[in-house]
Amino acid sequence: MRGIKYLLIITVLIIALAFLMTRLVFKEVDEDAESTSVTTETTPPETEPEEDENIDNAWAMFLVNKKNPLPKDYDNMIETEVVFESWREYYLDVRAADYIKRMIDDAAEDGVDLLVVSAYRTIEYQQQNFDNSVQDRVDRGMSYDDAYADTLAEVALPGESEHNAGLALDIMCEENQNMDDDSFENTEAFAWLDKHAHEYGFILRYPKGKQDITGIIYEPWHYRFVGLYFAKEIKESGLCLEEYYESRGWVDEDGKATKMRGPYDTPKEEETVTTTTAATEPKETMPPYSEQKVSIIV
């Protein structure tokens, strides 16, 4: 009888212990679930870089090319500032001015003299460049149609040039200002730019081997301001600007930008620049032409 009593006591104790263990296990599970719930609620959602209001100079990240021309009134939408002086003054969008000035100064401290040979251009000035380039080819024996097509590979139409946006510069050096070939890439100035330009928000806009994508020949002197964040991204990716846009899904199947579109909200054909193809003489009201013998002026 006493044995049965002890057995009952032991059974009751086992049941009580099992009950306590069950309560402890469920309590821990509830606490873990609550902790997970809190963590999920307090973790901020990931955002696209372009949606971050703190990203530097996001305004400067937009495409300018044959498929993404500037609005026709873009000349009136920006304010420019002198960023370099030689035999004439060269202008850039005021928001990018300090970056190029600092880059030129820092290069000089490293013993490299950077020379700006072209910067912001008005639509009218770009039209004159294009027309004169076509005429130069005609004068050298090409038919007008061939001269026009050949010019398109080297000189952008008005409104399709980054120079019209006030964000691009042609940067060379005293010892090499030749735009008729790629020899500038063999200079110390190019080596310095290739290594450091992105640190100031600039990218090599028309890299070697990308003509089929950009529509423009390789130009080792043409640099475009896109801001520090995107310049670093593009430099590290090894992509040209069109390829970077495509990799981010920012263009449609026709190559037109759908995000990071800069100065335009919706693509309206009537708002883009209208160009002409007739050769014209330089106007007296326009900035003087460079005395350099060059044929490639995008």
Side-chain angles (χ1 to χ4, degrees), residues 62-72 74-75 88 90-91 116-172 176-185 203-224 240-243 254-256 269 272-298:
F62 58 91
L63 276 176
V64 183
N65 55 24
K66 292 178 175 66
K67 298 176 181 178
N68 296 276
L70 292 165
K72 65 179 181 180
Y74 195 69
D75 277 356
R88 55 165 289 192
Y90 295 91
Y91 294 78
V116 175
V117 298
S118 185
Y120 168 69
R121 304 184 195 130
T122 64
I123 294 298
E124 292 81 6
Y125 191 22
Q126 185 70 22
Q127 184 69 63
Q128 292 169 18
N129 276 339
F130 189 89
D131 292 342
N132 290 346
S133 186
V134 171
Q135 188 60 49
D136 178 63
R137 287 164 168 76
V138 171
D139 292 343
R140 287 187 276 121
M142 297 179 70
S143 70
Y144 179 83
D145 288 343
D146 288 343
Y148 188 88
D150 193 55
T151 295
L152 279 176
E154 300 182 355
V155 184
L157 285 168
E160 298 175 6
S161 171
E162 294 188 323
H163 287 286
N164 300 147
L167 296 175
L169 308 101
D170 293 335
I171 306 174
M172 308 194 85
N176 191 312
Q177 301 174 43
N178 184 12
M179 290 183 174
D180 289 327
D181 57 37
D182 304 335
S183 58
F184 176 67
E185 70 177 3
I203 59 170
L204 178 63
R205 181 61 178 91
Y206 303 117
K208 183 178 290 186
K210 304 290 187 179
Q211 180 176 350
D212 290 343
I213 301 170
T214 65
I216 299 295
I217 64 170
Y218 170 47
E219 294 190 347
W221 53 80
H222 185 110
Y223 289 83
R224 157 73 189 275
C240 66
L241 193 56
E242 283 82 1
E243 289 175 313
D254 297 321
K256 294 183 179 180
E269 193 170 313
T272 57
V273 175
T274 302
T275 62
T276 61
T277 58
T280 59
E281 291 297 324
K283 301 176 183 178
E284 293 182 0
T285 56
M286 299 307 298
Y289 281 89
S290 170
E291 295 176 352
Q292 302 173 83
K293 294 294 183 179
V294 299
S295 61
I296 304 172
I297 311 178
V298 174

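Being a predicted model, the structure only gives us computed values, none of them experimental. In this chain, numbering begins with 1 at the start of the sequence shown. All values below were derived from every heavy atom in this structure, side-chain atoms included, with hydrogens, water molecules and symmetry-related copies excluded.
Checking side-chain atoms of Gln126 against main-chain N and O of His163 turns up no donor-acceptor pair under 3.5 Å. Of the possible donor and acceptor atoms, one in the side chain of Thr151 sits under 3.5 Å from a partner among the backbone N and O of Ala147. Using a distance-only test at 3.5 Å, with no hydrogens or angles considered, no donor-acceptor pair links the side chain of Asp254 to the main chain of Lys256.
Interatomic distance, Glu219 CD to Phe184 CZ, rounded to the nearest 0.5 Å: 12.0 Å. Here Met179 contributes atom CE and Glu154 contributes atom CD; the two are 11.5 Å apart, rounded to the nearest 0.5 Å. Atom CG of residue Asn176 and atom CG of residue Asp182 lie 10.5 Å apart, to the nearest 0.5 angstrom. Taking CZ of Arg224 as the start and CG of Leu204 as the end, the distance is 13.0 Å to the nearest 0.5 Å. Atoms CD and CG, on Glu124 and Asn164 in that order, are 9.5 Å from each other to the nearest 0.5 Å. Here CH2 of Trp221 is found 7.5 Å from CG of Asp170. Values are rounded to the nearest 0.5 Å.
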| request: In sequence, state the C-alpha distance, the side-chain angles, and the governing distance for Leu167 and Phe62, and then conclude on side-chain contact (heavy atoms from CB on, under 4.5 Å). | output: CA-CA 10 Å; Leu167 296 175; Phe62 58 91; 3.7 Å; yes
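Asp75 and Thr122 share no side-chain donor-acceptor pair at under 3.5 Å. Side-chain atoms of Asp181 and Ser183 include a donor-acceptor pair closer than 3.5 Å. Between the side chains of Gln127 and Asp131, at least one donor-acceptor pair of N or O atoms lies under 3.5 Å.
For Asp212, the CG atom counts as loosely surrounded, since its 6.0 Å shell holds 12 or fewer non-hydrogen atoms of other residues, nucleotides or ligands.
Annotation: side chain of Arg121 is in contact with side chain of Ser161 (closest heavy-atom distance under 4.5 Å). Contact check for Tyr218 versus Glu185: side-chain heavy atoms found under the 4.5 Å cut-off. Counting heavy atoms from C-beta on, the side chains of Ile217 and Tyr206 never come closer than 4.5 Å.
Contact between Gly255 and Asn68 at its shortest, heavy atoms only, is O-ND2, 3.1 Å. Taking all atoms of both residues into account, the shortest heavy-atom contact from Ala165 to Val64 is CB-CG2, 4.4 Å. Annotation for Arg137 and Asp150: closest pair NE-OD2, 2.7 Å, computed over non-hydrogen atoms.
Applying the side chain to side chain contact (heavy atoms under 4.5 Å, CB included) test to Leu152 and every residue at least two apart in sequence or in another chain returns Phe130, Tyr148, Leu157. With sequence neighbours excluded, the residues satisfying side chain to side chain contact (heavy atoms under 4.5 Å, CB included) with Glu243 are Lys210, Ile213, Leu239, Cys240. Asp146 pairs by the salt bridge (charged side-chain N to carboxylate O under 4.0 Å, His left out) definition with nothing, not counting sequence neighbours.
Of the candidates Arg205, Glu242, Glu162, Glu242 is the only one forming a side-chain hydrogen bond (donor to acceptor under 3.5 Å, both in side chains) with Asn65.
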